[in-house]
There are 2 protein chains.
Amino acid sequence: MAKQDKAGERMPRLEQQLCFAIYQVGHAFNRAYRPILADLGLTYPQYLVMLVLWEQDGLAVKDLGERLMLDSGTLTPLLKRLEASGLVRRERDARDERQVRIHLAEKGEGLRAQGRCVQEAIGQALGGAAGEAGRLRDQLGLVRDALLAASRED
Amino acid sequence: MAKQDKAGERMPRLEQQLCFAIYQVGHAFNRAYRPILADLGLTYPQYLVMLVLWEQDGLAVKDLGERLMLDSGTLTPLLKRLEASGLVRRERDARDERQVRIHLAEKGEGLRAQGRCVQEAIGQALGGAAGEAGRLRDQLGLVRDALLAASRED
DNA sequence: GCCATTTAGATTGTGTACAATTAGATTGTC
DNA sequence: GACAATCTAATTGTACACAATCTAAATGGC
């Protein structure tokens, strides 16, 4: 009985909801990454961009956006900041001048080794929870796909 | 062997990382909620605040912040927008004038019923993935706590 | 009672996010 | 080849998110 509304009037408790659990663990990841990435002079989204570029250089803004689920409104200023930091170069594609291709600059290439250490630090922060990470990740992928499919249906 | 650097040089692929799965599913939730909440004139963080207030009215900004893991720098402008929309009132506590207590305004109270429908819509968007939501949520809670504990250790 | 310390909220500055719009390049069709 | 439709980035405006700082109020020790 305690703290419950009339029948049919149940308001879901915040802590019971999956979306909130994800909202919170996203914040927690951000906090864990922040001090580590601050040593590299990167924010978390900037680090994601660098991860993609370390894997494949010379991508267009659109490619980066598809990989990270971000649009040009987010990426353009972010990439300009990375360029200002000397980590990447932004160059118009000569063949298709609509596209801007992002290349690692020397300094960005040099950060690659330090980037590898970041994951170790995060793995350590996860501690015992690291074991389940793989399965969790896959389940979250299913949730993501279900939500995106529903969004596309309008 | 395939697509692997020299020994010890493995750069973790974006898609294999738990943090990125959470980053993406957070975006996906946001997109799923946005059109639903737009009908109520709310953003997702604003909706979270309303959920808390529907559960317990008259909380101080600090209480809301602890519940949602947000600080005054985020909450103050958000609450001012909710006040401007006529959903809440912000009142200095007479006994402790440092605190600002947030009360549901009439319009905010009236939104309660519609708030209940939001969860149904999201549950529908989750589709088959909804069944696992409970266990997933609990596992994410463990991840969150591990990260926060590690953050506190500096 | 007085004053250092702590606390609560607001403010400032930087950096995502995303909708909506715009500018310029490219493509498809006739 | 002209030209409408499409595509890529950039831009504008609104809204989180958080570090750092500031102000006013409350508290604790003496």
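Just so it is clear: chains get the letters A, B, ... in the order the sequence lines come, proteins before strands, and each one is counted from 1.
Among residues two or more places apart in sequence or in another chain, the side-chain hydrogen bond (donor to acceptor under 3.5 Å, both in side chains) test is passed with B/Gln24 by A/Arg144. A/Phe20 is linked by a ring-ring contact (aromatic ring centres under 6.0 Å, His included) to nothing, counting only residues two or more places apart in sequence or in another chain.
In this structure, A/Lys62 does not reach the D/dA10 phosphate: none of its side-chain N or O atoms is under 4.0 Å from OP1 or OP2.
In summary, A/Arg135 and A/Glu132 engage in a salt bridge, as defined by a charged side-chain N under 4.0 Å from a carboxylate O.
Residue pairs meeting the salt bridge (Lys or Arg N to Asp or Glu O under 4.0 Å) criterion with at least one member in residues 94-103 of chain B, sequence neighbours excluded: B/Asp93-B/Arg101, B/Asp96-B/Arg98.
What separates CG of A/Leu79 from C1' of D/dA9 is a distance of 11 Å, to the nearest Å. Across the protein-nucleic acid pair, B/Leu42 atom CG and D/dC16 atom C1' stand 14 Å apart, rounded to whole Å. If you measure from atom CD of A/Glu66 to atom C1' of D/dT8, you get 11 Å, rounded to the nearest angstrom. Nucleotide D/dT11 holds its P atom 14 Å from the CG atom of A/Leu75, rounded to whole Å.
A donor-acceptor contact shorter than 3.5 Å links the side chain of A/Arg112 to the backbone of A/Trp54. At distances below 3.5 Å, not a single donor-acceptor pair connects side-chain atoms of B/Glu83 with backbone N or O atoms of B/Lys80.
Annotation: B/Tyr23 is in aromatic contact with A/Tyr44 [ring centroid separation under 6.0 Å].
With hydrogens and angles ignored, no donor-acceptor pair closer than 3.5 Å exists between the side chain of B/Ser72 and the base of C/dA8.
The stretch residues 89-104 of chain A touches DNA chain D through A/Arg90, A/Arg92, A/Arg98, A/Gln99, A/Val100, each having a heavy atom under 4.0 angstrom from the strand.
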Study note, to complete from the structure: Reading nucleotides 12-18 of chain C from 5' to 3' and marking B where a protein heavy atom lies under 4.0 Å of the base, S where only the sugar-phosphate is that close, and - otherwise, the string is ---SBBB

Sequence neighbours left out, cut at 3.5 Å: what donor-acceptor pairs do the side chains of residues 58-76 of chain A make with other protein atoms?
unit_1, atom_1, unit_2, atom_2, d
A/Lys62, NZ, A/Glu66, OE2, 2.5
A/Asp63, OD2, A/Ala60, N, 3.0
A/Arg67, NE, B/Glu15, OE2, 2.6
A/Arg67, NH2, A/Glu55, OE1, 3.4
A/Arg67, NH2, A/Glu55, OE2, 2.9
A/Arg67, NH2, B/Glu15, OE1, 3.0
A/Asp71, OD1, A/Gly73, N, 3.2
A/Asp71, OD1, A/Thr74, N, 3.1
A/Asp71, OD1, A/Thr74, OG1, 3.4
A/Thr76, OG1, A/Ser72, O, 2.9

